[in-house]
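Structure first, then comments.
Excluded from the calculations below are hydrogen atoms, water molecules and symmetry mates; all remaining heavy atoms, backbone and side chain alike, are included. Computed from a predicted structure; not experimentally measured.
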Amino acid sequence: MKHRKELDGLRALAVVPVVMFHAGFDWFKGGFVGVDVFFVISGYLITSLIISEKLKGSFSLGNFYERRARRILPALFMVVLLSIPFGWYWMLPEEWSGFSKSLVSVPLFVSNIQFFLEAGYFDVASEYKPLLHTWSLAVEEQFYLLFPILIILVWKIKRMYLLGVIVSVGVGSIVLSQYALLIHPDAAFYLLPTRGWELMLGAAISIIHTSPKVSIRTIPCYRWGAAIGLALIIYSVVSFDRTMPVPGVYTLIPTLGVALIILFEDGRSWTGKILASRPLVCIGLISYSWYLWHYPMLVFGRLGALNQLDSQLTIVLIFASLLLAYFSWKYIEQPFRQPGRIQRKTFIYLFTTISLLILGIGITADSFVKQTPETLTWLGSGIPKALGSMKDDSGKGCGAREPNSACLFVAKNNKPTIAVVGDSQARVLSESIYAVAVPQGYGLLDLTKGGCPFLFDLQVFISHMPKEDCGPQYQEKRMHRLSQMRNLVVVIHSALPRYIYGYGFDNGRGGVARYEPMYISKTSKSSINDREREILSAFHDTVRKIVSMGHKLIIVDPVPTTGWNPIRRLLLIEKYGLSHTFDDVVDYMKIPYANVLEREKSSRNIIESVSNQFSDIMSRVETLPIFCDSYIPEFCTSISRDKILYSDRDHVSLDGGLPIVERVVSIISGWKNYTER
């Protein structure tokens, strides 16, 4: 098969946007389409290789798998092995646990399935997963395992059917992908059945391109085809963003761009000369290694930095990964791709051993959970244990339950039952009540769900797509469960600013919480003003319905977000020897009160309005006075002199939840004769 330099340039056009997108540069906000470009190229090259050898009668499935293994495994395993010590040194225990799972899934070619199963509200942030980018390699590896068998089977039946079969599979895949985007976007993103159409597009182009019955030069204006294709790819890179529903029909724009370049470029047009230029070809040759190295470099840079990575350090990391990619290509990729230098038997033994080694580390690493330091210098003790998961009397966990089977702890000693309703912030409050108030005799009904505040008749959207398990129907279920109980104290709590603004928070001191767009509204892509109005109206309706059931109501204000993970920050401060006294540490941990107040302004106004209108039938707990302008004047903080108040950037620890629970219990105690009857 003839080597086409413009395809090396096309690889460069794929990898550069991916790297820059992962680095967070706004000019490449659609850089993720580089992965789609890679898929089409892979489909084209693999099909061309197989058909060429089939026509010569020299195709061997064993030889094919060996070539793919020699191409993929050496550099991949090197990156994985070198990531292990860095992961152990920098990661928090829950991140290390997730990383150990990826050490199992990568050698088994199923990391895309692992990351799909992990995707969700409580998942470790993708920016802290060093091997997340291997999902695309897993998709290709699964394709390489299955696709040659498909060609062999169709070839035996009738060779001329091959294009029709490939097109049919591709069309079925894109239809499935578009449907999956509506019901399960994570599945659409990560899995082969919904990504396969991109590889099949490349395969179809290969058959068309090599067919003697098709003459590209007879197509009118064929020389413009490659230029149009290049324009489509560039347009996608600069115009798409992370809210784009991919890999559905929108992804046809960059992938058809790739197809046009492959079909119409003959190396003589200005497009071909650009793509075949020496700089792009050089980057294209090392594109695989660069793709492998860049993401762990950025992740470990983030893990080791006290603040958000600035552009200068990010650029240093990018160039360092590029340098590593060159050496990886020259001294790892190239030698292993030459069967004459490393015999098949040696190769199989070596990489079977390395696979087993990585698998063994992954399996055992999760058994030996990484511990945080026993003592923080300024605190005189270690990081407190996270709140344990609530379990009912049968020992079953209370998380992710439907309202009709929600955990209920029966009140004792003539105390009322507290029903906590809301998202993950409410879940943490529920855990705190379970730890503190339930032993005092209070009952507890847990109606919390991550990413799902309690606002009647509204829908949560993630990346402008409806969150399937948090819409009006789910709120009806919650309301129905409350209606089945008598004389409850209903506590509503959620991270309301996030659902109003739909984006993260910059604390002004190097802490930037980045989220995918997430908000609550009646319609997708609503404005902030629309959401404020809808949330206020929904709050009023929710309060009326609860009070009409005869329940008491307490609204707990949102817990202010910090913009960074306080636990990680405290551990880094300790690691870098900056934590001799509380005053030393608090200087690194404090956040300007004005920044937090601005973030909380809209939600506070909404709750204030509801509280004023229903002041005779509900109570309110304000959280800002607990965390802001108290321990340190004019600043908010996640620590006190002897306690760590947060467990992550959005959720309090037991010590942080205790003053909230105390205020809730104090309000209840002030209601005379209000008990469960």
Side-chain angles (χ1 to χ4, degrees), residues 86 88-96 125 128 300-310 313 369-387 428 432 435-436 505-513 559-600 622-663:
F86 288 96
W88 176 260
Y89 187 74
W90 290 116
M91 287 179 161
L92 297 177
E94 64 270 18
E95 294 162 351
W96 174 256
Y128 299 133
F300 291 124
R302 295 185 190 109
L303 288 171
L306 274 173
N307 298 324
Q308 184 80 5
L309 286 180
D310 58 32
L313 182 54
V369 179
K370 184 181 178 185
Q371 301 296 322
T372 55
E374 292 185 4
T375 303
L376 297 178
T377 304
W378 68 275
L379 187 61
S381 61
I383 301 292
K385 291 183 179 180
L387 288 167
V428 172
S432 298
V436 176
F505 170 62
D506 185 341
N507 68 18
R509 299 201 68 220
V512 181
V559 170
T561 187
T562 63
W564 51 43
N565 186 321
I567 304 301
R568 180 188 310 287
R569 193 167 179 83
L570 288 169
L571 292 175
L572 287 175
I573 291 169
E574 181 75 20
K575 194 182 292 287
Y576 297 150
L578 305 172
S579 61
H580 301 297
T581 67
F582 172 75
D583 291 333
D584 293 334
V585 175
V586 81
D587 194 51
Y588 287 99
M589 301 300 294
K590 63 187 183 183
I591 302 166
Y593 186 24
N595 292 21
V596 174
L597 202 57
E598 180 63 29
R599 171 74 170 181
E600 303 289 324
E622 295 191 59
T623 57
L624 282 185
I626 299 173
F627 304 101
C628 300
D629 204 25
S630 53
Y631 302 108
I632 313 167
E634 299 183 8
F635 286 93
C636 301
T637 183
S638 50
I639 61 173
S640 67
R641 286 200 171 270
D642 57 353
K643 293 181 177 67
I644 298 173
L645 306 176
Y646 278 69
S647 59
D648 60 35
R649 63 190 176 193
D650 296 309
H651 304 97
V652 294
S653 64
L654 178 58
D655 286 327
L658 183 59
I660 300 176
V661 176
E662 288 174 345
R663 284 161 172 76

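Here the straight-line distance linking atom OG of S638 with atom CG of D655 works out to 12.5 Å at 0.5 Å rounding. Expressed to the nearest 0.5 Å, how far OG1 of T623 lies from CD of E600 amounts to 6.5 Å. Rounding to the nearest 0.5 Å places CG of L578 at 9.5 Å from CG of L572. Residue T562 holds its OG1 atom at 12.5 Å from CZ of R509, rounded to the nearest 0.5 Å. To the nearest 0.5 angstrom, T377 atom OG1 is 11.0 Å from I573 atom CD1. Here S432 contributes atom OG and E662 contributes atom CD; the two are 11.0 Å apart, rounded to the nearest 0.5 Å.
Legend: residues meeting side chain to side chain donor-acceptor pair (under 3.5 Å) with S640, ordered by chain and number and at least two apart, are D642. A search for side-chain contact (heavy atoms from CB on, under 4.5 Å) contacts involving P625 returns E622, not counting sequence neighbours. Contacts of F300 classified as side-chain contact (heavy atoms from CB on, under 4.5 Å), with partners at least two apart in sequence or in another chain: S83, F86, W90, P130, P296, L303.
Residue pairs meeting the salt bridge (Lys or Arg N to Asp or Glu O under 4.0 Å) criterion with at least one partner in residues 580-597, sequence neighbours excluded, are D583-R641, D587-K590. Residue pairs meeting the side-chain hydrogen bond (donor to acceptor under 3.5 Å, both in side chains) criterion with at least one member in residues 627-636: none, sequence neighbours excluded.
Of all the heavy atoms in G508 and N595, the pair that sits closest is CA-ND2, 3.5 Å. Nearest heavy atoms, T561 versus R649: OG1-O, 3.2 Å. Nearest heavy atom pair, residue I639 against residue F582, reads CD1-CE1, 3.8 Å. When all heavy atoms of V428 and V652 are compared, the closest pair comes out as CG1-O, 3.2 Å. The two residues V596 and C628 come nearest to each other via the heavy atoms CG1-SG, 4.2 Å.
In this structure, R599 and P560 have side chains that are not in contact, with every pair of non-hydrogen atoms separated by 4.5 Å or more. Put simply, the side chain of R302 reaches to within 4.5 Å of the side chain of Y128, judged on heavy atoms. Residues V585 and L376 form no side-chain contact, since every pair of their non-hydrogen atoms from C-beta on lies 4.5 Å or further apart.
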* To do: Starting from the C-alpha separation in whole Å, work towards a yes-or-no answer on side-chain contact (heavy atoms from CB on, under 4.5 Å) for V559 and I626.
  => CA-CA 9 Å; V559 170; I626 299 173; over 6 Å; no

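At least one donor-acceptor pair under 3.5 Å links the side chain of R663 to the backbone N or O of P659.
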In residues 563-570, what donor-acceptor pairs under 3.5 Å come from side-chain atoms, sequence neighbours left out?
unit_1	atom_1	unit_2	atom_2	d
N565	OD1	I567	N	3.0
N565	OD1	R568	N	3.3
R568	NH1	E95	OE1	3.3
R568	NH2	E95	OE1	3.1
R568	NH2	E95	OE2	2.1
R569	NE	Y588	O	2.7
R569	NH1	L306	O	2.4
R569	NH1	N307	OD1	3.1
R569	NH2	N307	OD1	3.3
R569	NH2	Y588	O	3.0

